[in-house]
Engineer: 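Have a look at the structure that comes next, please.
One is the number of the first residue; the rest follow in order along the sequence. From a predicted model like this one, the values you see are computed outputs, not experimental measurements.
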Amino acid sequence: QVQLVESGGGLVQAGGSLKLSCAASGRTVVIRDMGWFRQPPGKERELVAKISWTAGMVDYADSALGRFVISRNNPKEKDTVYLEMNSLKPEDTARYYCAVQKIGSWEWGSWGQGTQVTVSS
């Protein structure tokens, strides 16, 4: 099927930036959308941003709009989706995951192991 590996998390001060990567492998031809989710400590997982795999259409949660950019535009790493996070706030602290929706399904799956983002005040 599809395997996902996230990277790029870390510790950053408020106002700083981080760029997360999600590398997909396996049967990537079945992917319709890829999404970035986050789960703060003690809270539910939420969708932060998503991108359609072929058309590149994007959508953001209100909390990410204007600060985060999801992209898939590196010709050398065409099966990698990025989440560039700017103007980070302490409330952005969470474990960030990527997942995919496959063609013909609305379920999110093939979850990666996640990458931790910690924003200090």
Engineer: Tell me whether L88 shares a hydrophobic cluster with V48, the cluster being built from Ile, Leu, Val, Met, Phe, Trp, Tyr side chains joined at under 4.5 Å.
Structural biologist: yes
Engineer: State, with a plain yes or no, whether a side-chain heavy atom of Q101 is found less than 4.5 Å away from one of E107.
Structural biologist: no
Engineer: Got a donor-acceptor contact below 3.5 angstrom from the Q1 side chain to the S110 backbone?
Structural biologist: no
Engineer: Mind checking whether V81 and V30 sit in one hydrophobic cluster, side chains of I, L, V, M, F, W, Y counted as touching below 4.5 Å?
Structural biologist: yes
Engineer: Roughly how far apart are C98 SG and I70 CD1, rounded to 0.5 Å?
Structural biologist: 9.0 Å
Engineer: Would you say R45 and Y97 make side-chain contact, with heavy atoms under 4.5 Å?
Structural biologist: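 Yes, close enough: below the 4.5 Å cut-off.
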Engineer: Can you find a heavy atom in the side chain of L83 that is under 4.5 Å from one in the side chain of M85?
Structural biologist: yes
Engineer: Is there a side chain to side chain contact (heavy atoms under 4.5 Å, CB included) between W111 and V100? Walk through the geometry before answering.
Structural biologist: CA-CA 8 Å; W111 296 91; V100 297; over 6 Å; no
Engineer: Report yes if some heavy atom in the side chain of K50 is under 4.5 Å from a heavy atom in the side chain of M57; otherwise report no.
Structural biologist: no
Engineer: Report the C-alpha distance between L4 and M34 in whole Å, list the side-chain angles of each, state the deciding distance to 0.1 Å, and finish with yes or no for side chain to side chain contact (heavy atoms under 4.5 Å, CB included).
Structural biologist: CA-CA 10 Å; L4 303 175; M34 180 177 282; 3.6 Å; yes
Engineer: Distance-only, no hydrogens or angles: does the Q39 side chain make a donor-acceptor pair with backbone N or O of E46 under 3.5 Å?
Structural biologist: no
Engineer: A side-chain contact here means heavy atoms from C-beta on lying under 4.5 Å apart; do R32 and T54 qualify?
Structural biologist: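 Side-chain contact under 4.5 Å: no.
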Engineer: Answer yes if W108 and V58 sit in the same cluster of Ile, Leu, Val, Met, Phe, Trp and Tyr residues linked by side chain heavy atoms under 4.5 Å apart, and no otherwise.
Structural biologist: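 No, W108 does not connect to V58 through the hydrophobic network.
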Engineer: Answer with yes or no whether the hydrophobic clustering places V117 together with Y60; edges join I, L, V, M, F, W, Y residues whose side-chain heavy atoms lie under 4.5 Å apart.
Structural biologist: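 Same cluster: V117 reaches Y60 through Ile, Leu, Val, Met, Phe, Trp or Tyr contacts under 4.5 Å.
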Engineer: When rounded to the nearest 0.5 angstrom, what distance separates OG in S7 from CG in L20?
Structural biologist: 8.0 Å
Engineer: Go through the steps for R38 and D92 under the test salt bridge (Lys or Arg N to Asp or Glu O under 4.0 Å), then give the verdict.
Structural biologist: CA-CA 9 Å; R38 68 184 182 187; D92 294 318; 2.8 Å; yes
Engineer: Verify the cluster assignment for V2 and F37: are they in a single hydrophobic cluster under the rule of side-chain heavy atoms below 4.5 Å apart?
Structural biologist: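 Not linked; separate clusters.
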Engineer: Please find the pair of heavy atoms, one from S121 and one from A14, that lie closest to each other, and give the distance.
Structural biologist: CA-CB, 4.3 Å
Engineer: Should V119 and Q13 be marked as a side chain to side chain contact (heavy atoms under 4.5 Å, CB included) after you check the CA-CA gap, both sets of side-chain angles, and the distance that decides it?
Structural biologist: CA-CA 5 Å; V119 184; Q13 288 189 333; over 6 Å; no
Engineer: Working to the nearest 0.5 Å, report the span between SG of C22 and CD1 of I51.
Structural biologist: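 Reported value, rounded in 0.5 Å steps: 11.5 Å.
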Engineer: Can you tell if the side chain of W53 reaches within under 4.5 Å of the side chain of T28, non-hydrogen atoms only?
Structural biologist: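 They are in side-chain contact.
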Engineer: Is the distance between the ring centroids of F68 and W36 under 6.0 Å?
Structural biologist: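 No, the ring centres sit 6.0 Å or more apart.
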Engineer: Do R95 and T115 touch side chain to side chain, with heavy atoms closer than 4.5 Å?
Structural biologist: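 They are not in side-chain contact.
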Engineer: Rounded to the nearest 0.5 Å, what's the gap from CG on N86 to CZ on R67? Could you check?
Structural biologist: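 Reported to 0.5 Å precision, the distance equals 9.0 Å.
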Engineer: Taking the side chain from T93 and the backbone from T118, do they hold a donor-acceptor pair closer than 3.5 Å?
Structural biologist: no
Engineer: Given side chains that start at C-beta, do those of D59 and D33 come closer than 4.5 Å, heavy atoms only?
Structural biologist: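 Contact flag for D59/D33 side chains = no.
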Engineer: Could you measure the distance from the CD1 atom of I31 to the OG atom of S52? Nearest 0.5 Å is fine.
Structural biologist: 12.0 Å
Engineer: Shortest non-hydrogen contact from G8 to L18?
Structural biologist: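 Nearest heavy atoms, G8 then L18: O-CD2, 3.8 Å.
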